[in-house]
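Atom set for the values below is all heavy atoms of this structure, side chains included, hydrogens, waters and symmetry mates excluded. Counting starts at 1 for both ligands and their atoms, in listed order.
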Amino acid sequence: MSGITKSFPGVRALDGVDLEVRPGEVHCLLGQNGAGKSTLIKVLAGAHQPDDGTITWQGEEVTLRSPIAAMSLGIATIYQELDLVEHLSVAENVFLGHEPTSAGFVVRARAARAQAGRLLARLGHPEIDPGTLVGQLSAAHQQIVSMARALSHDVKLIVMDEPSAALDPDEVDNLFRIVGDLTADGVAVVYISHRLEEIRRIGDRVTVLKDGRAVAGGLPAESTPTSQVVSLMTGRNVAYVFPERPGAARDAPDVVLSVENLSREGEFDHLDLEIRAGEIVGLAGLVGSGRSEILETVYGARKPTTGQVSVGGAPVRPGSVRAAVRAGIGLAPEERKAQALLMLESVTRNVSVSSMSRFSRGGWLERGKERAAAHAATRELSLRPDNPEAYIRTLSGGNQQKAVLARWLLRGCRVLLLDEPTRGVDVGARAELYSVIRRLADDGLAVLLVSSEVPEVLGLADRVLVLREGAVVHTAPARELDESRVLDLVMEGSPTP
Ligand SMILES: Nc1ncnc2c1ncn2[C@@H]1O[C@H](COP(=O)(O)OP(=O)(O)OP(=O)(O)O)[C@@H](O)[C@H]1O
Ligand SMILES: [Mg+2]
């Protein structure tokens with residue numbers, strides 16, 4: 001790709017970007033939220049038409065008028081926001097638009113299932129049933145389906161936009177094995193991730209985007225120091241920077257959230273937990289260990305089999321989101337697009353939606369007040385673009401995440417449940433988010449944090465609960481744990497006496 005330029009109303013997303021990818025390499029694309037990574041790969045996928053610039057494929061200049069045109073050259077893309085059809089089966093999604101051709105419908109459907117099954121097995125997931133509806137699969141499994149769809153074509157280049165964001169360490173290993181197999185066959189991979197250690201593990205070369213320009217092209221992944229990559233991306237020297245924990249001097253503040261004997265059949269058992277004002281408690285565990293289910297149950301979106309949640313000593317009616325929200329519980333969920341965002345609305349409305357009663361007077365909506373309050377919250381998180389009227393769907397993935405957090409910032413809840421709050425958020429903005437979360441705690445909130453990134457839990461939380469298969473196997477102050485200890489506990493820890 002050479003000199004690629006692409007503007008949207010009011011933003012120049014790409015400004016003369018060059019990208020050169022060779023057969024059999026893993027080419028990493030790095031950059032902060034909004035730098036233009038997803039836009040660049042959408043141009044490569046034929047989903048966006050560039051305003052200027054050329055694409056040369058195997059020595060010949062090509063115009064990719066549509067995703068089908070890109071696909072037929074052998075360019076497949078796994079998008080950041082997965083684009084599967086939830087009410088179709090796995091097999092139907094894999095072959096959408098290019099069903100295996102043979103006689104009748106029944107024969108075709110059977111052939112599609114068999115082929116999909118083979119692809120899923122090759123991807124290390126023979127247990128996914130090609131007949132299941134995609135909407136019923138976990139995020140991690142949906143991504144495998146998306147990958148199977150890419151491989152159902154004869155691919156020469158496969159683009160992955162933050163594929164590891166939804167995966168736990170085991171699944172990341174599986175993904176890297178797949179990438180290894182593909183590149184060994186000469187397939188080129190363009191890989192986008194905010195996790196710099198992944199780039200080290202699988203990257204061959206690195207291109208860094210900043211504000212729509214390539215500030216470095218094709219650096220060797222192995223020998224370029226992380227500090228150099230970070231400063232190219234941000235113009236600063238930040239990696240993981242965590243805010244300081246407050247001193248332990250204060251006398252024990254009041255318990256805000258208390259969870260007693262909470263269970264849900266088959267998901268998690270007998271959870272006891274107290275969080276005091278000002279405290280951040282982290283839940284560490286693999287995907288499937290019950291982390292998200294616990295948050296959703298505390299939030300009332302799932303009904304517990306046993307147990308009680310209380311806020312400030314007052315019991316909250318189980319299984320009712322309304323009761324939970326009224327008691328002051330807020331949740332920033334894991335799947336932001338499906339669960340949290342109003343894709344057709346502005347940034348302002350997405351931020352204000354949970355606080356609307358504050359902006360209505362006598363049945364009228366005070367739009368000016370709504371906009372000003374939402375804007376204050378998004379500014380605090382450095383959301384880009386700094387335009388309250390922008391449609392949320394036009395924001396980059398990381399900035400959409402910031403909008404969800406701004407919503408809870410604005411709502412002023414007493415208990416904040418954060419499920420993977422920095423998924424897809426770039427290195428620079430992470431540090432900002434961490435300090436916002438700490439500040440919220442300092443203001444007296446109780447925070448319950450779930451993250452697959454162990455350093456994040458250890459760096460941000462005061463206290464950590466380690467979960468395995470739905471049970472707490474260890475509890476300790478974060479400063480007494482380190483990453484390898486947590487990983488040991490997560491995999492095969494023995495319960496604390
Ligand atoms: N359809 C669109 N309409 C308007 N603006 C858009 C659209 N798509 C992207 N943009 C803007 O283009 C810029 C680049 O966005 P892009 O999604 O490419 O960023 P990114 O590097 O993938 O970021 P992230 O790491 O957060 O996913 C951003 O300012 C974004 O708001
Ligand atoms: Mg993106």
Side-chain angles (χ1 to χ4, degrees), residues 1 4-17 19 27-51 53 67 77-83 143 146 159-166 190-196 198-199 206-216 229-230 232-235 238 335-337 340-341 343-348 350 378 381-406 420-433:
M1 303 177 81
I4 301 292
T5 296
K6 174 76 188 173
S7 293
F8 297 107
V11 221
R12 177 162 285 199
L14 297 173
D15 189 4
V17 173
L19 175 70
H27 197 115
C28 299
L29 201 53
L30 291 177
Q32 286 189 279
N33 295 133
K37 304 177 298 291
S38 295
T39 306
L40 184 66
I41 61 116
K42 282 177 189 160
V43 169
L44 182 56
H48 281 328
Q49 297 308 309
D51 303 331
T77 306
I78 295 162
Y79 288 106
Q80 181 170 20
E81 308 286 356
L82 294 177
D83 56 344
Q143 183 178 41
S146 191
V159 181
M160 304 183 183
D161 196 352
E162 298 194 40
S164 62
V190 172
Y191 190 90
I192 300 178
S193 172
H194 289 290
R195 297 179 183 171
L196 301 180
E198 294 184 350
I199 310 304
V206 175
T207 290
V208 183
L209 293 187
K210 180 166 194 286
D211 299 332
R213 292 165 189 264
V215 288
V229 173
V230 171
L232 279 168
M233 279 169 60
T234 62
V238 283
E335 287 305 308
R336 56 181 170 254
K337 185 174 170 189
L341 292 171
M343 293 309 273
L344 299 176
E345 296 278 2
S346 65
V347 172
T348 290
N350 270 277
T378 57
L381 295 170
S382 323
L383 183 141
R384 293 278 174 280
D386 186 22
N387 170 13
E389 301 304 319
Y391 284 111
I392 198 90
R393 69 184 148 75
T394 69
L395 265 54
S396 73
N399 282 302
Q400 292 180 352
Q401 174 72 339
K402 291 184 187 177
V404 174
L405 287 159
E420 304 284 357
T422 60
R423 171 178 298 172
V425 173
D426 69 61
V427 208
R430 268 174 202 225
E432 287 161 16
L433 255 181

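If you check which protein heavy atom lies closest to atom 31 (O) of ligand 1, you get Thr394 O, 2.8 Å. Among protein heavy atoms, the minimum distance from atom 25 (O) of ligand 1 is reached at Lys37 NZ, 2.7 Å. For atom 27 (O) of ligand 1, the closest heavy atom belonging to the protein is Gln80 NE2, 3.0 Å.
Ligand 1 has an N or O atom lying under 3.5 Å from an N or O atom of Gly34, backbone or side chain. The shortest N or O to N or O distance between Ala35 and ligand 1 is under 3.5 Å. By the 3.5 Å distance cut-off applied to N or O atoms, Phe8 is not counted among the residues near ligand 1.
Scanning both residues, Asn399 and Ser382, for their nearest heavy atoms gives OD1-O, 4.2 Å. Here the closest heavy-atom approach between residue Gln401 and residue Glu420 is recorded as NE2-O, 3.3 Å.
Separating the NZ atom in Lys42 from the NZ atom in Lys6 is a distance of 11.0 Å, to the nearest 0.5 Å. Rounding to the nearest 0.5 Å gives a distance of 10.0 Å between OG1 of Thr378 and NZ of Lys402. Rounded to the nearest 0.5 angstrom, Glu345 CD and Tyr391 OH are separated by 8.5 Å. To the nearest 0.5 angstrom, Ser164 atom OG is 8.0 Å from Gln143 atom CD. Arg12 contributes atom CZ, which lies 13.0 Å from atom CG of Asp211 (distance to the nearest 0.5 angstrom). How far CD1 of Ile192 is from CG of Leu29: 4.5 Å, rounded to the nearest 0.5 Å.
Taking a 4.0 Å cut-off on heavy atoms, Glu162 registers as neighbouring ligand 1.
Within ligand 1, counting atoms from 1 as listed, the ones closer than 4.0 Å to a heavy atom of Asn33 are 23 (O), 24 (P), 25 (O), 26 (O). Residue contact check: Val11 has heavy atoms under 4.0 Å from atoms 5 (N), 29 (O) of ligand 1. Near Gln32, the atoms of ligand 1 lying under 4.0 angstrom from a non-hydrogen atom of the residue are 21 (O). Atoms of ligand 1 lying under 4.0 Å from any heavy atom of His194, numbered from 1 in the order shown and given with element: 25 (O). In the vicinity of Ala13, heavy-atom distances shorter than 4.0 Å reach the ligand 1 atoms 12 (O), 13 (C).
A donor atom on one side chain and an acceptor atom on the other are not found under 3.5 Å apart for Ser396 and Asn33. Side-chain atoms of His48 and Thr39 include no donor-acceptor pair closer than 3.5 Å.
Between the side chain of Lys37 and the main chain of Leu209, no donor-acceptor pair closer than 3.5 Å is present.
Proximity of Arg393 to ligand 1, defined as any heavy-atom pair under 4.0 Å, is not found for any part of the residue.
When the heavy-atom distances from atom 16 (P) of ligand 1 to Thr39, Leu30, Ile392, Val43 are ranked, the shortest goes to Thr39.
Neighbours of the Mg ion (ligand 2) restricted to protein N, O or S atoms under 2.8 Å: the count is 2.
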Next on the checklist: For Ile41 and Thr77: C-alpha separation, side-chain torsions, deciding distance, then whether side chain to side chain contact (heavy atoms under 4.5 Å, CB included) applies.
Outcome noted: CA-CA 8 Å; Ile41 61 116; Thr77 306; 3.9 Å; yes
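Take Arg393 and apply the salt bridge (Lys or Arg N to Asp or Glu O under 4.0 Å) test, not counting sequence neighbours, and it matches no residue.
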